[in-house]
> 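First, the structure itself, so that you have it in front of you.
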Amino acid sequence: MAQKQDDLYAMRHSLAHITADAVQRLWPEAKFGVGPVVEHGFYYDIDLGDEKVSEDDFKRIEKEMRKIIGADSAFEQSDKPVDEAITWAREAKQPYKEELLNDLKRAGTTSAKDIDAAELGLPSDGSKVDTVGFYTNDSFTDLCRGPHVVSTGKTGAFKLMRVAGAYWRGKEGNPQMQRLHGIAFATKEELDAHLHMLEEAKRRDHRKLGQEMDLFVFSDLVGPGLPLWTPRGTTIRTELDKFVQEMRTEYGYQAVTIPHITKKDLYEKSGHWNKFKDELFRMTTRDGHEFAMKPMNCPHHTQIYDSRPRSYRELPIRYRETTMVYRDEQTGELGGLTRVRSITQDDAHVFCRYSQVKEESLKIWDIIERFYGAQNMELSVRLSMRDPENPDGYLGSSEAWESTQAQLAELINEKIGDDYERGIGEAAFYGPKIDFKAKDAIGREHQVATIQLDFNQPEGFDLNCINENGEKERIVMIHCAVAGSLERFMSILIEHTAGKFPVWLAPEQIRLITVNQTEELIAFADTVAAQAGELGLRVVVDNSNESVGKKIRESEKAKVPYTIVIGEKEVETGETTPRVRGDLTVQEPSTLKIDNFLKTVHNEAKTRSSHTTI
RNA sequence: GCCGACAUAGCUCAGUUGGCCAGAGCGGCUGUUUUGUAAACAGCGGGUCGUGGGUUCGAAUCCCUCUGUCGGCUCCA
C-alpha cells in the first residue's frame, strides 16, 4: 500500500516535469516556478511573460505531453554543486529557479520554508548540503529531488484541469504566475472514477440546488456574501438549530441574547481590534463614537458573565445563542455559502473552572456526535496544539498549554482511544482545540464542529469566580459550535444529501395531489392537510389543473419525501399508498390508513430518522 | 485585494466575420380538458442583451469603467 502511494507520488511528480517540458516546447521563453505533487495530481507554476495560457491551449499541451510520454525517455538523476546549479539556471534563463538556488546558497539549507525541499532537489530531512539534485529526461532538465518514475512512459493516466493565477512563492505582492493544474492516477479507471466524482459534486453543487430548490438567494442590491434565506431554506435552518438547542438545553445551557453591534472598546480589550480591525464592519455615530458589527460573540458573552461576582457553586455557567456575526471578507474569497459575510453561528460558551474542562468537553462532544449521527456523517477528530518551536505565536504560559493540551488528549483518548490526528501548530492563539471533520456522501471531508479552550479572554476580561476559600479564581472559557456556521453547514448538507433532505429537515414533507379538481376531492385533501398540520407536519396540497403524471413529476423534482394521490378511492377507503422518495424506500410500497401514515411520518420527523418506516 | 474567464427572459441556453422589429425550451398567465403515480392541448404575455461611457452610418457583438458570478492565489478570530 505504501509502495503504491510512493509510485503514485513519483508518477504525479514526473507528470509535473512533463507538463513543464511540453510548455517549454510550445513556449520556449517560458519561465518556471515550482511544480509539486498535490492531492489528486500536480501543478506547475509558469510565467509566459506577456502571453497567457488559456484552457483552450490544454489540447495542444496534452498532445505535446503524450508525445513526451510516447518517447518513453528515461529520467536520469544527477547532482551539481550549488554554484554550478546557479550558473545552469542563469544560462537556462530561469530566474525563478535562480532565485531559489541563491536563497539556498545564502542559507545553506532549505531556509525557504514556503517551498518544498523536493523542489530544490534537497534531502527531505533538512540536512545541510552543498549539491542539489537534477532530473533530466530527453532534452528537459529540472531542479528536483525526485523520486521519479523510471521513464516518461510510466506515468499513468492524467488530465489537465485548469489554469489559475498564483503568487510566486505564495506571497501577495509577488508577481503572479499561471498555475497549470492536472490530476493524475495510476490507471485510466481511477482517473475516470475521480472525474465521475467531480461530475457528481457538480451535480450536487449547493449553489445550483439552492436556486433550483428555492432555499436561498443573493441580491446585487444587498451585496456579495450576504445570503437571503427563503421560507424553505429558513425551515431547514430552524430545524437544524432546534435540534442543537434542544440538546444544549438538556445539558444546562441557557439562552442569551446580545446586540449585533458594540463600541470598539470591547474589542480593544479582547485584543481583536488590533488583530482584525480591517475585517470588521465599522461605523461611526453622529457624535463620532466608533462602533463595529460583531465578528464573534464571545466578548459580548463575557460581559453577561462578568456582570456580577460569581460563586464557584454557580459554575459551569453555559450560554447558548444562535446569532449572526459579520466579517468583511475580501470579495475574492466569497463563494456560495461556503464563505460569506453574514455568518450564523450556533455558538455557545461555557465558563468553568479548570477542573471542569474535561466533563464539559465530553458533554459538548456528545452533542456533536448526536448531531452528525442524525446526518449520517462520519466524524474524525484532530487535536490542534500549539507549535512548541514557536511559543511566541501563542498567549499564555507553557505550563498552561502543556496541562490543557494534556487534558484534551486524555479526554480524546478516553472517548475514542488513539485514533485521532494531532495538529501541531494548528491551535488558536488563545488555546488548544478539538476539531471535528465530517465525511459527506461522496467521500469529501469538511471541517465542522470545534471545542476550543480559551484561557486568554478570561485573562483579558479578568473573569473570576470566588472559590471555596473565598479567593478569586481565574476561570476558563470553552467555545463551541456544533453546526459551526449554519451557512457553511447548509452548503455541506445540501451537497451531502443532493437536496434529498431527511423528513425532519425537508421544507415540504408531504405533498397531496388531487386526481381531479372536484369540490369533494379538494375538500378531502384540505382535511388531510389540516390533520397533518395539527401534527406539525409541513404539507402542500397540489390541486392545480394538471395531469396526475405531471404533478407527480413535479413533486419528485422538488424532492418531496412523501407524495400522496387523493382520488375517489382514498375518499372511500381512507387508505393511501404513499409514493416514497427513491432514497428513502427500502421496501415495497404499502397501503395504510391515512391517519396511520400521518402518525408514522410525524414520528419519523420527531425522532429525526433518516430512513422511512412506511 | 490579486490573476484569469464569464454576464442575453424567472430558469437553462441559441444568437454566423458589427447590419431588418433579439430567438428556443421549461416556468408564468388565460382558455379548453376532469385527468390515478415522472411532462394533456391551444393561445398570450415576458428581455432598455449586468451598469455607465466610447468607437461606428449602425453595437448583444469591438474598446474602457463599474458591479456581480465562477476558477485559483492570498486571508480566515
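Below, read A as the first sequence line, B as the second, and so on, with proteins coming before strands; counting in each chain starts at 1.
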> Mind calculating the distance between CD1 (A:I451) and P (B:A77) to the nearest angstrom?
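That distance rounds to 18 Å.
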> Taking only the P atom of each, what is the distance from B:U51 to B:A60 in whole angstrom?
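Between the two P atoms, the distance is 11 Å.
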> Hey, does A:E421 have a side-chain heavy atom less than 4.5 Å from the side chain of A:D435?
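A:D435 does not reach A:E421 side chain to side chain.
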> If we call it a pair only when both distances are under 3.5 Å in a Watson-Crick or G-U wobble match, what pairs with B:A60?
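Here B:A60 is not engaged in any pair, so there is no nucleotide opposite it.
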> Given the C1' atoms of B:A5 and B:U48, what is the spacing between them in whole Å?
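Those two atoms are separated by 26 Å.
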> Rounded to the Å, how far apart are A:R341 CZ and B:A77 C1'?
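Whole-Å distance recorded here is 17 Å.
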> What nucleotide, of B:A38, B:C75, B:G71, holds the atom closest to the side chain of A:A164?
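So the side chain of A:A164 is nearest to B:G71.
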> Examine B:G72: is either OP1 or OP2 under 4.0 Å from a nitrogen or oxygen in the side chain of A:Q178? Give yes or no.
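Answer no for this pair, as no side-chain N or O of A:Q178 is under 4.0 Å from OP1 or OP2.
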> Taking only the C1' atom of each, what is the distance from B:C76 to B:G50 in whole angstrom?
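Rounded to whole Å, the distance is 30 Å.
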> Which one, B:C75, B:A39, B:A77, comes nearest to the side chain of A:R339?
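Minimum distance to the A:R339 side chain belongs to B:C75.
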> Taking the side chain of A:R579 as its heavy atoms from C-beta onward, which of B:C11, B:A38, B:C75 lies nearest to it?
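Among B:C11, B:A38, B:C75, the one nearest the side chain of A:R579 is B:A38.
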> Assess whether one donor atom and one acceptor atom, taken from the side chain of A:E333 and the base of B:G72, lie less than 3.5 Å apart.
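No, no donor-acceptor pair under 3.5 Å.
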> Is the shortest side-chain N to carboxylate O distance from A:R207 to A:D205 below 4.0 Å?
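Looking at A:R207 and A:D205, the cut-off is met.
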> A:H349 vs A:F351 aromatic rings, parallel, tilted or perpendicular, using cut-offs 30° and 60°?
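The rings of A:H349 and A:F351 sit tilted, inter-plane angle from 30° to 60°.
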> Quick one: are A:W27 and A:D47 in side-chain contact, heavy atoms under 4.5 Å?
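SC-SC contact between A:W27 and A:D47 ruled out.
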> Using both distances under 3.5 Å as the test, list the Watson-Crick or G-U wobble partner of B:C2, or none.
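Paired with B:G72.
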> Does A:R341 reach the main-chain N or O of A:E329 with its side chain, forming a donor-acceptor pair under 3.5 Å?
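Yes.
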> Counting Watson-Crick and G-U wobble pairs only, both distances under 3.5 Å, name the nucleotide matched with B:U17, or none.
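In the structure as shown, B:U17 has no Watson-Crick or wobble partner.
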> Per the side-chain contact (heavy atoms from CB on, under 4.5 Å) rule, which among A:L584, A:L537, A:T612 passes with A:E604?
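Only one option passes, and that is A:T612.
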> For a quick check of understanding: with a heavy-atom distance under 4.0 Å over all strands, which category does A:G549 fall into, base, sugar-phosphate or nothing?
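Sugar-phosphate: the residue A:G549, judged by heavy atoms under 4.0 Å, touches backbone atoms but no base.
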> Just the table, please: protein N/O against nucleotides 31-34 of chain B N/O, every pair under 3.5 Å.
from, atom 1, to, atom 2, distance (Å)
B:U32, O4, A:N545, ND2, 3.3
B:U33, N3, A:N545, OD1, 3.2
B:U33, N3, A:N545, ND2, 3.1
B:U33, O4, A:N545, OD1, 3.4
B:U33, O4, A:N545, ND2, 2.1
B:U34, O2, A:Q517, N, 3.1

> Let me confirm one number: the CD-CE distance from A:E290 to A:M283, rounded to the nearest 0.5 Å.
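The CE atom of A:M283 is 10.5 Å from CD of A:E290, to the nearest 0.5 Å.
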> Determine: side-chain N/O of A:R207 to OP1/OP2 of B:G71, distance under 4.0 Å, yes or no.
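So the side-chain polar atoms of A:R207 do come within 4.0 Å of the phosphate oxygens OP1 or OP2 of B:G71, strictly under.
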> Within the 4.0 Å heavy-atom criterion, would you say A:E554 contacts the bases, only the backbone, or no part of the nucleic acid?
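A:E554: no heavy atom of the nucleic acid under 4.0 Å.
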> So does A:K550 get a side-chain nitrogen or oxygen closer than 4.0 Å to the phosphate oxygens (OP1/OP2) of B:C41?
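False: A:K550 side-chain N/O out of range (4.0 Å or more) of B:C41 OP1/OP2.
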> Using Watson-Crick or G-U wobble geometry with both distances below 3.5 Å, tell me the partner of B:U32, or none.
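Partner of B:U32: B:A40.
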> Answer with yes or no whether A:Q330 presents, from its side chain, a donor or acceptor under 3.5 Å of a partner atom in the base of B:U74.
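Indeed there is one.
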> For the base of B:G1, is there a side-chain donor-acceptor partner from A:Y167 under 3.5 Å away?
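Per atom types, the contact qualifies.
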> What integer number of Å spans the C1' atoms of B:U61 and B:U8?
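These two C1' atoms come out 11 Å apart once rounded.
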> Let's test this: given Watson-Crick or G-U wobble pairing with both distances under 3.5 Å, identify the partner of B:C66.
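Partner of B:C66: B:G50.
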> Would you measure the distance from the C1' atom in B:G46 across to the matching atom in B:C26 and give it in whole Å?
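Result for the C1' pair: 14 Å, nearest Å.
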> Is A:T331 close enough to B:G1 that one of its side-chain N or O atoms is under 4.0 Å from OP1 or OP2 there?
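Affirmative; the distance criterion is met.
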> Whom does B:A77 pair with, Watson-Crick or G-U wobble, provided both distances fall under 3.5 Å?
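Matched B:A77 with nothing under the 3.5 Å cut-off.
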> Would you mind classifying the nucleic acid contact of A:E568 as base, sugar-phosphate or nothing, using non-hydrogen atoms under 4.0 angstrom?
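Base contact.
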> Does A:R162 or A:P578 map to a spot on RNA chain B nearer the 5' end, using the closest nucleotide for each?
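Upstream on the strand: A:P578.
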> Counting any heavy atom closer than 4.0 Å, what does A:G336 reach on the DNA or RNA strands: base, sugar-phosphate only, or nothing?
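Touches sugar-phosphate only.
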> Under a 3.5 Å cut-off for both distances, is B:G45 Watson-Crick or wobble paired, and to whom?
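Here B:G45 is not engaged in any pair, so there is no nucleotide opposite it.
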> Nearest nucleotide by nearest heavy atom, which residue falls closer to the 5' end of RNA chain B, A:A166 or A:M177?
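Counting from the 5' end, the first nearest nucleotide belongs to A:M177.
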> Could you tell me whether A:Q447 contacts a base, only the sugar-phosphate backbone, or nothing, with contacts defined as non-hydrogen atoms closer than 4.0 Å?
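The answer is nothing, as A:Q447 stays clear of every strand by at least 4.0 Å.
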> What does A:K569 touch in the nucleic acid at a heavy-atom separation under 4.0 angstrom: a base, only the sugar-phosphate, or nothing?
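The answer is base, as A:K569 lies within the cut-off (heavy atoms under 4.0 Å) of a base atom.
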> Among B:A77, B:U37, B:A39, which is the nearest nucleotide to the side chain of A:S547?
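Looking only at heavy atoms from C-beta outward on A:S547, the closest nucleotide is B:A39.
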> How many angstroms lie between SG in A:C298 and CG in A:D347, if you round to the nearest 0.5 Å?
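One gets 6.5 Å once the value is rounded to the nearest 0.5 Å.
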> Going by purine N1 to pyrimidine N3 plus the second Watson-Crick contact, or the G-U wobble pair, all under 3.5 Å, which nucleotide sits opposite B:C26?
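Checking every strand shown, B:C26 finds its partner in B:G10, with both distances under 3.5 Å.
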> B:G47 and B:C41: how far apart are their C1' atoms, nearest whole angstrom?
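Taking atom C1' in both B:G47 and B:C41, they lie 27 Å apart.
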> In plain terms, say whether A:E546 and A:K551 are close enough for a salt bridge, that is, a side-chain N and a carboxylate O under 4.0 Å apart.
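Looking at A:E546 and A:K551, the cut-off is not met.
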> For A:P224, report the nucleic acid contact type (base, sugar-phosphate, nothing); a contact means any heavy atom under 4.0 Å.
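Sugar-phosphate: the residue A:P224, judged by heavy atoms under 4.0 Å, touches backbone atoms but no base.
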> Do the side-chain N and O atoms of A:H300 and A:E321 include a donor-acceptor pair separated by under 3.5 angstrom?
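Per modelled atom types, A:H300 and A:E321 side chains form no pair under 3.5 Å.
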